[in-house]
Structure formats: structure tokens, C-alpha cells
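Sequence lines set the chain letters: A, B, ... in the order given, protein chains first and strands last, and positions in each chain run from 1. Hydrogens, waters and symmetry mates play no part in the numbers below; they use all other heavy atoms, side chains included.
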Number of protein chains: 2
Amino acid sequence: MGQLEDIQVFIRVVEAGGISRAADQLGIAKSAVSRRLSELEKRLGTRLISRTTRTSNLTEAGRSYYQQVLKVVDQVAEIESELHDTECALTGNIRIAVPLSFGLQHLGPAIDLFIKQHPQLRIDMDLSDRHVDIVEEGFDLALRISELKDSSIQARKICPCHHVMAASPDYLAQMGVPQTPKDLEQHRFVTYSGGQSGQWVITDAGGKRHNPTMPASIVANNGDFLLQMACAGHGMVVTPTFIVWKSLAAGDLVQVLPDCSWPSLNAYFIYPRNRYLPRRVRLLIDFMAERYGDRPYWDQAM
Amino acid sequence: MGQLEDIQVFIRVVEAGGISRAADQLGIAKSAVSRRLSELEKRLGTRLISRTTRTSNLTEAGRSYYQQVLKVVDQVAEIESELHDTECALTGNIRIAVPLSFGLQHLGPAIDLFIKQHPQLRIDMDLSDRHVDIVEEGFDLALRISELKDSSIQARKICPCHHVMAASPDYLAQMGVPQTPKDLEQHRFVTYSGGQSGQWVITDAGGKRHNPTMPASIVANNGDFLLQMACAGHGMVVTPTFIVWKSLAAGDLVQVLPDCSWPSLNAYFIYPRNRYLPRRVRLLIDFMAERYGDRPYWDQAM
DNA sequence: ATATCTTGTTCTCCAAATTAGAACAATTGA
DNA sequence: TCAATTGTTCTAATTTGGAGAACAAGATAT
């Protein structure tokens, strides 16, 4: 391999935070990464990353070198893929990190369509609900559902993400149907773990905001699981429409306090700032933004 | 090898004007160059150089690609050699094309000193009097002795290049010593072949310009040879001081019409415009400019 | 018109380069 | 204190890439 490949290995080590993680992400042995890095340092006559056992840190020279070569690597990628894409069908790999529920239920079919349009592309999907640092982990982009976008990254909104409260008919028959937000305090909930999911602000039809206590009998970090528990009558759930839409349509769940509204989130594709975005990645983002848009099909079905 | 090395091979093919010459300059087999170029074109999905048997021409895509990657290759070279040179003794290669006479008599000792100061450098010297296209032939720089500098290249003057007229004592005893430029028409000359060397403009002490006919009994393209012929009494010679200085000092030749002057040329180092000049090359140019300067040692000895 | 020379292509063999994996030292965390 | 993890180094295996031969085709010289 060559000079630019050595540089790319170095960049990966820096962004991954270590040789072992870089090796995992690059799919090569850590001995190979170690050797490539050592040879780059030898060629430059200076240490780029100071390593002790179990830690590695950029030196001052390494930091400067990293800033400079990052631009060069992007330029080469841009020059070559712009030329290639002018002449050819899209090829290459796209690494995406997406939340589990959204990924399984919505991105799957969408990716299927996209790949049919661009059969020479390869998609590498990471489905999980953990927070992903796309630079550190070497992703092209990630889907994030949130209110605020991180200022250090670029984001493209692809659709709104509304929430509704719902419960099973059996549960409501047993516990009664809440008429006002205050009534909620007499009920049980299944809620998301972590963060501040248990503390929701609900806005009633008159525009008044409420902050009801919602005692959780079941807590989990997975929306599909919570949906199952709600359908089984274990409590009411506040959940995204993109999760609950089919259960509502089937009558397995019934919307509660439908005139009230919950804080609205958005789904964004995020990608690294100041980094060349290959055309195939841009096309995928455009494709998804168009496919979902401001009134996605699951909201239209309600 | 890698992506950047493929690009460097491509650049060399473009600038050399063909795969065979590029292979010669790179020191690898033309089959290897052919294969590298083909693989680069395959990766980009487009033809960069259209080849028929015995000719090759840049395509439109190739021209654009060449312009863009040239900058990138320079940037990488700059980033890495600036970092390297900050930390280390100078290393690397310098390829220089120099005129034969000047190279043998003056650059040799100078290079010897320079290499003693920077022992890890490697000098690749091409000595000839032919016109060298430094970009096409892959030189870092060339020494050129001329009046005008080519506008498409960068030049750094390293010293003036004065000419004098001289003849052997025997010749002058036999033929008489010319007193005025007009007297020259009664004499024989040994002169440079090609160009307009046989048509000199001499300026007398009063500032008047003369254009004497100087019949040549011996013509050659090498100044050292002409010096020998002049010392042997075959005629008078107009020659650079850097060639004739020792023969004058030794009494083998005597200056003729010393109050007159000849068009003054300069010695320049020339190097490619818009191309990163490694520090080692810049240091060599500085070294030579300082070593010779406005009154080089051979002019001081006269 | 023909022969020779030169360029670029393609293929095969072999040497060189590079990776995987094992073994190890050393630090960190349980 | 022990186990886990990181990074380094070495060796064997695998992959890559160059050299050189053979060839096609165009240009040049005779």
C-alpha cells in the first residue's frame, strides 16, 4: 500500500481513539495498523501519536499533520468520486448508524428501494439505540431523532417525529379513559428508560402546558418492546407515531387524549462537518428526505 | 502501491509525453506504468489518456484530473517534507540539469561542499548542453545561461556571466594584436556552433557598438574544446569568463581588446512554476546564489 | 512498397511487500 | 491480585506488483 493509505490509517487511528479500535473499523489486524503508523512516523521523522501501554495521544506535530492531511484526503476523494460518478453508476459503500425501531420498520424498505435504483452500492447498517459518534466510529452518516442538532455536526432533517399517547382497549376498559392531562396521574405507564423520557410536557387543546407524573410499571430502552407491553395492557405509552401507527390502525391500541400534543422531535441525518460528502451519500439523504418529508406515510395513516 | 503513487505515475506520463518515456524517468518497466495507468482509469471509470499505437493524448477528463491532482500531490509533498525537515537532517533526491562546462568546473566542487553539509541528500546530475524541459523530463531544477528568462518558468539568478575575447600568445605573435573591433576582420576564430554565437555585438570603450565578421576556422558546441583549440593557436575565441579564467591566469591565453565588452548573460537556476519546491532544493539554490553572487571567484581572479 | 523501429498492451513468473496471528510487556479496571 | 485490554514485535503465509517476453500496430526510413 501507499502514502495516502498510510495517511488514511493514521486519520482512522486518531478519530477512533486508538490502534485497536481503528483496526476493528478498518477490518485489518492491529499489528498491521501499528506497523503502518510506525512506518509513517519513520518516513516523517517524527512521532505523530505518543503511545504508552493502553493509551495513545496525538503529539503537537501529529495534531497539525492530522488537520492538514484531512483536507488532502477529502480533496482526493472528491476529485476521484466526482469524476467517477460523472461517468459511471454509483459504486462504493455507505455506513449508516440508525435507531433500531426506525431502522427495522422504515429504513429497511427504503434502503431496499434505493439499492434497487443503485445496485452497485453497498450499505453497511448499524442498528442500535446507542449514541454514535460518527467521526470516531467511521460512519458516513447517522440517523438521529432529537430536538436540537449538535452544533459540531451537519444535519439534514428528513421528517418530523410526532408522539402520541396510547393504551390498549382492555386497559382503558379497566382503568377508564383519561379526559384531561390531570387524569393521567391515576394511570400506569410503560416508559423509556434513561434520559428524561419519564418527564413529559403535554400541551392541552387550549394551549395550556401540563407536567403530569407518569408512574412507570415497565421501563425499557426499546420502543417496540414498550409497544408490546402497552398492547398487552401493562399501561399507557407515549411513543413516536412511526412506531405506533400500525397498532392504532389495527385497533390493538387506542389514542388517548388525542386533542393534546407532545413535544415534537425531528428525524435528522447527521454527517461530519468539513468533510467531503460523496455523491452516493448525498443521494441517499435526498432520497430519504423525499420519501418521508413533512407528512410521512405513518402520520398520513392516522 | 497506492492511490497517490498511481496519481504520480499518471502525472509523469502526462508530463513526459508517453508511457515509455515516463517509465524511463521513473526507473520502472513500461509494462508496470501501463498497468498502473490502466488500473487508475478503471478505478475512475474513465479514460484519462487516449492511446493509439505510438501516440497518447490527454482526454478532457484527463486534463481536468491532471490539473486537480497536481495540486494535491504538491500539497502532500509540502506537508510531509515541511514536517520532516523540521525534525530531521535533509534527505531525498535532487535532480539537476546543467551545462557541461559549468557543471564540471564549477558545480562539481560546489556540490561536493553542499553534500558535505547535508550528507543524507542524493544529487542526480545531468550534464549536457542540450535544452532541457524540466517538467517534461522530471527535473527539480536546471541551470541555464541566457539573457532572457522563459516566462513560463520560475528563475533565480545565481551569478552574472561575462564574456571576453582571448587568443594564445603564439597566435598573436604571428597574426598581430587587434587594436580596434574593426581589426578583428583580419583574424581567425574558433566559435560555438548553432544559434547566433557567430554574430556577436562588441561595444568599444567609447560606447560604440560593432558587429564584426568573425570567420570561424573551427566550430564546436563545447566551450572546453574551443578553449583547447584557442590555446593551440587555431584562432581567437569569445568565451565565458567561467571557462577561460584559468587559461588567462596561466598565460596560456591573453585577453584581446580588454576595454571592449560583450553582451552579458546570467546564470539562472530554473524550476517549475506553480509547483512545490522542497526545502532541500531551495537550500541548494540559496547555497549556489551565495557561493557565486554578483562577482564570482573566476571574475575576481581576472 | 517494404522493412525496421518504437510505442503500448497483455500475460506469466517471481520477488517483494504486507497481512494475520501468536506471543509478549505493561497498564488499567474489577 | 488477577483479568482484560492495548500496543509492539516477529514469523509464516498470502497478496501484490514489477520485470521481461511476446505481440500488435503505426510511423519512419529506405
Side-chain angles (χ1 to χ4, degrees), chain A residues 1-59 61-63 65-66 93 130 133 136-138, chain B residues 1-59 61-63 65-66 73 93 133 136-138:
Chain A
M1 282 302 196
Q3 207 173 337
L4 201 70
E5 290 73 19
D6 285 346
I7 290 171
Q8 285 162 337
V9 166
F10 165 69
I11 289 174
R12 191 80 324 260
V13 171
V14 171
E15 294 181 345
I19 284 172
S20 294
R21 270 178 292 186
D24 289 340
Q25 291 171 14
L26 293 166
I28 64 178
K30 64 186 174 178
S31 54
V33 175
S34 178
R35 195 184 58 79
R36 298 293 294 265
L37 184 55
S38 295
E39 284 178 11
L40 177 59
E41 287 173 325
K42 188 175 176 183
R43 180 168 91 237
L44 296 175
T46 188
R47 178 72 69 171
L48 298 173
I49 297 181
S50 69
R51 279 110 68 207
T52 66
T53 54
R54 297 200 65 174
T55 70
S56 55
N57 292 293
L58 267 179
T59 62
R63 193 179 316 281
Y65 183 72
Y66 168 77
N93 195 54
R130 65 192 176 83
D133 181 322
E136 184 175 300
E137 297 190 51
Chain B
M1 280 303 194
Q3 207 172 338
L4 201 71
E5 288 73 20
D6 285 345
I7 289 170
Q8 285 162 338
V9 166
F10 165 70
I11 289 173
R12 192 83 317 265
V13 171
V14 171
E15 294 181 346
I19 285 171
S20 295
R21 270 180 291 186
D24 288 340
Q25 289 172 13
L26 293 165
I28 64 178
K30 63 187 176 178
S31 54
V33 175
S34 178
R35 195 175 58 77
R36 298 294 293 268
L37 184 57
S38 296
E39 283 176 11
L40 176 59
E41 287 173 326
K42 189 176 177 183
R43 179 168 93 237
L44 295 175
T46 189
R47 180 73 68 171
L48 298 174
I49 297 181
S50 68
R51 280 106 73 202
T52 65
T53 55
R54 298 202 67 173
T55 71
S56 54
N57 292 293
L58 267 177
T59 62
R63 192 178 319 279
Y65 183 73
Y66 168 77
V73 164
N93 195 54
D133 181 323
E136 184 175 299
E137 297 190 51

Trainee: A:K42 has an atom NZ; how far is it from atom P of C:dT18, in whole Å?
Mentor: 13 Å
Trainee: Could you give the CG-to-C1' distance, from A:N57 to D:dG7, as a whole number of Å?
Mentor: 13 Å
Trainee: Whether A:E39 and A:R35 form a salt bridge (side-chain N of Lys/Arg under 4.0 Å from carboxylate O of Asp/Glu) is what I want to check.
Mentor: yes
Trainee: Starting from C1' on C:dT18, measure out to CG on A:D6 and report it in whole angstrom.
Mentor: 11 Å
Trainee: Got a salt bridge between B:D24 and B:K30, using NZ or NE/NH1/NH2 to carboxylate O under 4.0 Å?
Mentor: no
Trainee: What closest approach, in Å, do B:A61 and B:T46 show between heavy atoms, and which atom pair accounts for it?
Mentor: CB-OG1, 4.1 Å
Trainee: How far does the helix from C:dA1-D:dT30 to C:dA30-D:dT1 bend, going by the axes of its first and last five pairs, to the nearest 10°?
Mentor: 30°
Trainee: Taking atom P of C:dT18 as reference, at what distance in whole Å does atom CG of A:L26 sit?
Mentor: 16 Å
Trainee: Classify the ring geometry between A:Y65 and A:F10 as parallel (under 30°), tilted (30 to 60°) or perpendicular (over 60°).
Mentor: tilted
Trainee: Protein within reach of the bases, or only the backbone? For nucleotides 21-30 of chain C, mark each nucleotide 5' to 3' as B, S or -, using heavy atoms under 4.0 Å.
Mentor: B----SBB--
Trainee: I'd like to check A:V14 versus A:I49 (side-chain heavy atoms, cut-off strictly below 4.5 Å). Are they in contact?
Mentor: yes
Trainee: With sugar-phosphate meaning primed atoms plus P, OP1 and OP2, does A:R36 contact a base, only sugar-phosphate, or nothing at under 4.0 Å between heavy atoms?
Mentor: sugar-phosphate
Trainee: CZ of A:R47 versus P of D:dT8: gap in Å, rounded?
Mentor: 7 Å
Trainee: Quickly work out the A:L37 CG to D:dT6 C1' distance and round it to whole Å.
Mentor: 14 Å
Trainee: Mapping A:R35 and B:R35 to their closest nucleotides on DNA chain D, which lands nearer the 5' end?
Mentor: A:R35
Trainee: With respect to the phosphate group of D:dT6, does any side-chain polar atom (N or O) of A:R51 fall under 4.0 Å of OP1 or OP2?
Mentor: no
Trainee: Give, for atom CD of A:E136 and atom CD of A:E15, the distance between the pair rounded to the nearest 0.5 Å.
Mentor: 9.5 Å
Trainee: So how far is it from B:L4 CG to A:Q3 CD, rounded to the nearest 0.5 Å?
Mentor: 5.0 Å
Trainee: Would you please test B:R51 and B:L37 for side chain to side chain contact (heavy atoms under 4.5 Å, CB included) and show each step?
Mentor: CA-CA 11 Å; B:R51 280 106 73 202; B:L37 184 57; 3.7 Å; yes
Trainee: Kindly compute the distance separating CG (A:L48) from CD1 (A:I7), expressed to the nearest 0.5 Å.
Mentor: 10.0 Å
Trainee: Taking 4.0 Å as the cut-off, does a side-chain nitrogen or oxygen of B:S20 come that near to OP1 or OP2 on C:dT6?
Mentor: no
Trainee: Just the rounded figure in Å: distance from C1' of C:dT9 to CD1 of B:I19.
Mentor: 8 Å
Trainee: Would you kindly give the CD-to-P distance between B:E41 and C:dT9, to the nearest whole Å?
Mentor: 8 Å
